[in-house]
Number of protein chains: 2
Amino acid sequence: MTGTLFGLGIGPGDPELITLKALRLLRQADVVVYPAPLEGATRARDTVAAHLTTDQEEIPVRLSMRADEATKQRAYAAAAERIRDALDAGRDVAVLCEGDPFLYGSFTYIFIRLADGYPVEVVPGISSITAAPAVALAPPVTREDVFTVLPATLPVDALEAGLKQADSAAILKLGRHLTKMTKLLERLGLADHAIYVENATTPAQKVAQLSSVDEAAPYFSMILVRCTPERWR
Amino acid sequence: MTGTLFGLGIGPGDPELITLKALRLLRQADVVVYPAPLEGATRARDTVAAHLTTDQEEIPVRLSMRADEATKQRAYAAAAERIRDALDAGRDVAVLCEGDPFLYGSFTYIFIRLADGYPVEVVPGISSITAAPAVALAPPVTREDVFTVLPATLPVDALEAGLKQADSAAILKLGRHLTKMTKLLERLGLADHAIYVENATTPAQKVAQLSSVDEAAPYFSMILVRCTPERWR
């Protein structure tokens with residue numbers, strides 16, 4: 001009997017935004033895997049620290065935020081091999097996923113390496129794309145609205161095309177692309193309808209009109225923008 | 001002192017997919033409001049029934065699934081007035097929201113009527129747009145992918161334009177639009193990359209290749225489609 005691989009969405013940061021199901025499966029797991037920086041606090045582990053038990057094996061997947069794609073894939077491949085060994089030994093493995101496992105989550109890179117050989121269960125988590133509108137009290141879409149999620153790392157023309165097709169958009173992975181995005185939204189006449197949200201649901205949370213933000217944006221930040229502003233509520 | 005209005009995301013159907021935070025606030029609420037059909041089971045209430053207490057006032061917002069927009073808005077306006085009375089009396093009111101309160105949720109219609117006058121807190125919930133990929137084991141987006149949510153009720157040309165801008169899409173509100181969507185996806189060469197998900201995370205859950213689905217789709221169903229199929233994992 002091999003173990004089961006669980007991808008557990010643990011939500012956007014507030015430890016209370018984990019589901020009962022993720023919590024139950026986390027507590028039952030023999031091995032707990034989570035992303036970690038090369039040094040310093042491990043945000044995913046910290047979010048669920050109150051629920052971990054001392055008899056669980058922990059496997060941090062250490063990666064610099066600035067690692068290139070090849071380095072990242074080597075780290076996920078190495079983590080997948082350690083997880084494979086645990087599953088082969090009949091142990092259940094929970095991979096902690098900030099937000100949701102499959103929505104821009106690195107769990108996908110572990111999943112594609114192991115899904116063919118082992119039972120897998122994925123527990124959805126609260127994504128920042130719903131957490132940010134909730135803390136900003138800004139409902140993005142109703143009825144027949146089109147909602148689009150755009151990584152700010154895309155070229156400007158792709159971002160512009162995406163914004164023009166949407167009624168409302170969430171722009172992720174801002175970081176050093178904040179100025180590029182602000183300029184684009186100004187050119188499209190949408191900057192006044194854009195809300196900046198940083199570290200939603202955590203003590204470091206910040207919500208502001210985009211026009212009032214001028215410093216660099218951290219990784220966990222996004223812009224919510226109503227692209228058809230006459231219908232922004 | 002007026003009460004606080006809480007919009008509580010209760011998730012896609014599995015009672016375990018509620019967050020600790022929504023559960024705590026639900027238990028503390030003096031009044032619990034939920035959508036309900038004109039007759040028969042109330043899905044939202046049933047999902048959290050184990051957690052309700054006998055001293056909570058319940059306000060079902062009764063609406064036919066086939067009600068026209070004016071009828072719906074009259075029902076939300078009437079519900080908002082009952083909620084206003086409770087808030088004015090200093091009672092905390094929890095509105096149960098299937099999925100997430102602000103992502104195509106009817107909570108928005110209550111929110112816009114009361115947000116200016118009362119304290120409001122919105123607790124995000126697991127949306128079907130992450131629940132469906134999780135149960136289908138189909139990761140929709142990684143890295144720089146564009147993810148778009150399209151209501152199937154839109155005209156075909158708007159749906160086609162949206163699909164062409166996205167790497168991956170979730171098509172909601174299928175119902176009687178299933179045949180229209182299937183034909184469009186076939187014409188765009190995407191039908192073989194489309195997954196049909198019905199009642200995700202509930203006992204009535206169904207996951208199938210779109211090409212194998214021929215009967216009518218219920219309200220709680222969607223299509224997940226990889227629009228750039230060479231990158232579907």
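We name chains A, B, ... by the order of the sequence lines, and we start the count at 1 in each one.
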> Would you say the side chain of B/L137 lies within less than 4.5 Å of the side chain of A/F111, judging by non-hydrogen atoms?
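They are in side-chain contact.
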> Quick check on the structure: residues of residues 66-74 of chain A within a heavy-atom distance below 4.5 Å of chain B, by number.
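Only A/E69, A/Q73 of residues 66-74 of chain A have a heavy atom under 4.5 Å from chain B.
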> Please state whether the side chain, the backbone, both or neither of B/L172 comes within less than 4.5 Å of a heavy atom of chain A.
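Contact with chain A is absent: no heavy atom of B/L172 under 4.5 Å.
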> Is it the case that more than 12 heavy atoms not belonging to A/R176 sit under 6.0 Å from its CZ atom?
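For A/R176, atom CZ is not crowded (no more than 12 foreign heavy atoms under 6.0 Å).
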> Would you indicate whether the side-chain heavy atoms of B/V122 and A/V135 approach each other to under 4.5 Å?
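The answer is no; the side chains never approach within 4.5 Å.
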> Any non-hydrogen side-chain atom of B/L20 less than 4.5 Å from a side-chain atom of A/I18?
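B/L20 vs A/I18: side chains touch.
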> What I'd like to find out is whether the side chain of B/D14 reaches to under 4.5 Å of the side chain of A/T19, using heavy atoms alone.
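No, their side chains stay 4.5 Å or more apart.
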> Can you find a heavy atom in the side chain of B/V149 that is under 4.5 Å from one in the side chain of A/T148?
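B/V149 does not reach A/T148 side chain to side chain.
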> So what's closer than 4.5 Å to chain A heavy atoms on B/Q165: side chain, backbone, both or neither?
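Looking at B/Q165, just its side chain touches chain A.
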> Looking only at heavy atoms, what is the nearest atom pair of A/P140 and B/F102, with distance?
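In this case the closest contact between A/P140 and B/F102 is CD-O, 3.4 Å.
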> Can you name the closest pair of heavy atoms from A/I126 and B/G125 and give their distance?
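Smallest interatomic distance, heavy atoms only, reads CD1-C, 3.3 Å.
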> Which answer fits A/P12, side chain, backbone, both or neither, if we ask what part of it has an atom under 4.5 Å from a heavy atom of chain B?
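Answer is neither: A/P12 stays 4.5 Å or more from chain B.
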> B/K173 versus chain A, heavy atoms under 4.5 Å apart: side chain, backbone, both or neither?
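Only the side chain of B/K173 comes within 4.5 Å of chain A.
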> From B/L150 CG over to A/D145 CG, what is the distance, rounded to the nearest 0.5 angstrom?
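Here the interatomic distance stands at 11.5 Å.
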> Can you find a pair of side-chain heavy atoms, one from A/L103 and one from B/V141, that are under 4.5 Å apart?
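Of all side-chain heavy-atom pairs linking B/V141 with A/L103, at least one is under 4.5 Å.
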> If you count heavy-atom pairs under 4.5 Å between each of B/P133, B/A131, B/A161 and chain A, which one has the most?
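The candidate making the most pairs under 4.5 Å is B/A161.
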> Which residues in residues 151-159 of chain B have a heavy atom less than 4.5 Å from any heavy atom of chain A?
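The list, in residue order, reads B/P151, B/T153, B/L154.
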> Between A/Y104 (side chain) and B/E144 (backbone), is there a donor-acceptor pair under 3.5 Å?
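Side chain of A/Y104 to backbone of B/E144: no pair is present.
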> With a 3.5 Å distance limit and no angle check, can you tell me whether B/Y109 reaches the backbone of A/T142 through a side-chain donor-acceptor pair?
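Such a contact is absent between B/Y109 side chain and A/T142 backbone.
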